[in-house]
Chemist: 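First the structure, then my questions, so here it is.
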Amino acid sequence: MKKNTNPRFIAFIAGLLAAAISTAIIAIASRDVLVSVVNFVAVLCVCFLVFNYLLQEFIYNKIKLIYKSIYRFKTHDANELRALDKYDNDPIETVSNEVLDWMLENRNEIDQLKEQENYRHEFLGNVSHELKTPIQSIQGYIHTLLDGALEDKKVNRLFLTKASNSTDRLIELVEELTSISRLEGDKPPLDIELFDLVKLAEEVMEMVENQAKKKKVVVGFKKQNAKAVLVEGDKAKVRQVLVNLIVNAIKYGKNEGTVLIGFYDMDKSILTEIADNGEGIPEEHLPRLFERFYRTDKGRSRDQGGSGLGLAIVKHIIEAHKQTINVRSTVGIGSTFGFTLKKG
Ligand code: ADP
């Protein structure tokens with residue numbers, strides 16, 4: 001049977017068969033050629049019309065209806081839908097193709113939904129876990145104070161200070177969560193401007209001065225008196241990148257260590273590197289370092305007040321600028337985080 005069989009062709013073949021059989025019987029019975037010929041033509045015509053009508057009415061049109069239903073589900077464009085009536089293609093083949101496409105699309109959609117569901121599940125688990133630690137700590141100190149420590153002048157201030165530190169940590173965590181959900185969700189447009197990276201880095205160095213002093217860490221530029229380095233970017237977001245990377249370098253660097261900031265001209269972009277001489281990061285952690293809530297040493301990072309969101313935020317910001325971020329690290333020697341920005 002030919003590939004694009006249509007109802008008319010099937011009706012014609014069926015009519016031909018019926019006409020041939022009935023003519024053969026009549027020819028044997030009557031032995032009259034004229035009667036046989038008339039019978040053949042009449043049976044062929046009647047059968048063709050009847051079969052064609054039945055096929056069109058009950059099968060072909062119903063399939064076309066299913067096809068249109070599928071199409072209506074996929075498109076909301078009335079013009080496209082009307083144009084379907086004019087198509088002179090084979091609806092059976094089109095329906096099977098459409099159903100196949102539809103199944104593939106649905107499977108992709110289901111896979112995506114499952115992935116999002118897993119992500120939501122994991123995210124919620126991580127968030128509640130992160131929030132639980134400072135909340136439990138605050139609760140513990142308050143209960144101890146209420147149980148009598150409030151009157152004990154040796155510990156009451158200390159416990160209140162610790163509870164207050166945990167509240168600060170809670171606020172920091174919520175701010176980071178807001179930041180990451182904004183970066184991953186609505187993706188607000190960047191406020192691109194031309195600015196001097198050296199000046200911005202100096203501002204950030206001033207901001208983290210106290211933190212650096214506590215660990216006797218020296219934060220400075222690789223080349224002293226670096227001259228202006230102009231870049232194009234969202235200044236507030238780039239400031240956040242510098243804060244997160246420099247604070248990490250101080251936090252995970254060694255006591256009395258150094259944090260050096262360097263700028264390198266890469267033709268169309270500027271590469272900024274923040275290097276510390278801390279204990280470094282084992283190689284197996286490097287590929288997952290920028291994932292949210294990922295930590296190389298959970299206990300140590302939490303002790304440092306870390307949420308595991310800082311590097312994920314940094315990556316989102318740099319990728320929103322369509323630029324790159326990378327890390328190299330050697331255990332015992334230190335880590336260097338580098339990111340690029342469009343040259344101004
Ligand atoms: P956190 O809030 O825990 O610091 P980040 O996303 O900023 O989260 O960092 C993720 C993890 O990467 C940290 O917990 C730490 O284990 C590791 N890390 C980040 N920066 C450094 C660094 N400069 N030296 C060593 N380890 C680092």
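Values below: every heavy atom of this structure, side chains too, minus hydrogens, waters and symmetry copies. In listed order, ligands and their atoms are each counted from 1. Model, not experiment: these values are computed from the prediction.
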Chemist: Which distance, rounded to the nearest 0.5 Å, do you find between the OH of Tyr264 and the OG of Ser269?
Modeler: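 Output value for this atom pair is 14.0 Å.
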
Chemist: Would you say Leu289 and ligand 1 have an N/O pair spaced under 3.5 Å apart?
Modeler: no

Chemist: Which ligand 1 atoms are under 4.0 Å away from a heavy-atom of Leu311?
Modeler: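 It comes down to these atoms of ligand 1: 5 (P), 6 (O), 7 (O), 9 (O), 10 (C), 12 (O), 19 (C).
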
Chemist: For Arg239, is there an ion pair with Glu203 - N to carboxylate O distance below 4.0 angstrom?
Modeler: yes

Chemist: Is the shortest N/O to N/O distance between Tyr294 and ligand 1 below 3.5 Å?
Modeler: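 In fact, backbone or side chain, Tyr294 has no N or O that close.
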
Chemist: Taking a hydrophobic cluster as the set of Ile, Leu, Val, Met, Phe, Trp and Tyr residues connected by side-chain heavy atoms closer than 4.5 Å, whether directly or through intermediates, do Leu289 and Phe293 fall within one such cluster?
Modeler: yes

Chemist: Hydrogens and angles aside, do Ser22 and Asn39 bring a side-chain donor and acceptor to less than 3.5 Å of each other?
Modeler: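 Judged by distance alone, the side chains do pair up.
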
Chemist: Does a donor on one side chain and an acceptor on the other come within less than 3.5 Å for Gln240 and Asn244?
Modeler: yes

Chemist: Indicate the ring-plane relationship of Phe263 and Phe221, choosing parallel, tilted or perpendicular according to the 30° and 60° boundaries.
Modeler: tilted

Chemist: Could you tell me whether some N/O pair between Ala312 and ligand 1 is separated by less than 3.5 angstrom?
Modeler: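 By distance alone, the answer is no.
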
Chemist: I'd like to check which ligand 1 atoms, numbered from 1 as shown, lie under 4.0 Å from a non-hydrogen atom of Leu309.
Modeler: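 Per the distance check, 6 (O), 8 (O).
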
Chemist: Purely on distance, is any nitrogen or oxygen of Phe337 under 3.5 Å from one on ligand 1?
Modeler: no

Chemist: Could you check whether any heavy atom of Ser335 sits closer than 4.0 Å to an atom of ligand 1, since that is the contact criterion I want to use?
Modeler: yes

Chemist: At a 4.0 Å cut-off, with the gap strictly under it, does some heavy atom of His285 reach an atom of ligand 1?
Modeler: no

Chemist: Would you say Asn244 contacts ligand 1, with heavy atoms under 4.0 Å as the rule?
Modeler: no

Chemist: Is it true that Leu173 and Ile138 fall in one hydrophobic cluster, defined by side-chain heavy atoms closer than 4.5 Å?
Modeler: yes

Chemist: For atom 8 (O) of ligand 1, state which one of Gly334, Gly308, Ser307, Ala249 supplies the nearest heavy atom.
Modeler: Gly308

Chemist: Mind telling me whether Tyr141 and Phe159 have parallel, tilted or perpendicular rings, with 30° and 60° as the class edges?
Modeler: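 If you compare the ring of Phe159 with that of Tyr141, the planes turn out tilted.
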
Chemist: Near Lys251, which atoms of ligand 1 are under 4.0 Å from a heavy atom of that residue?
Modeler: 2 (O), 4 (O)

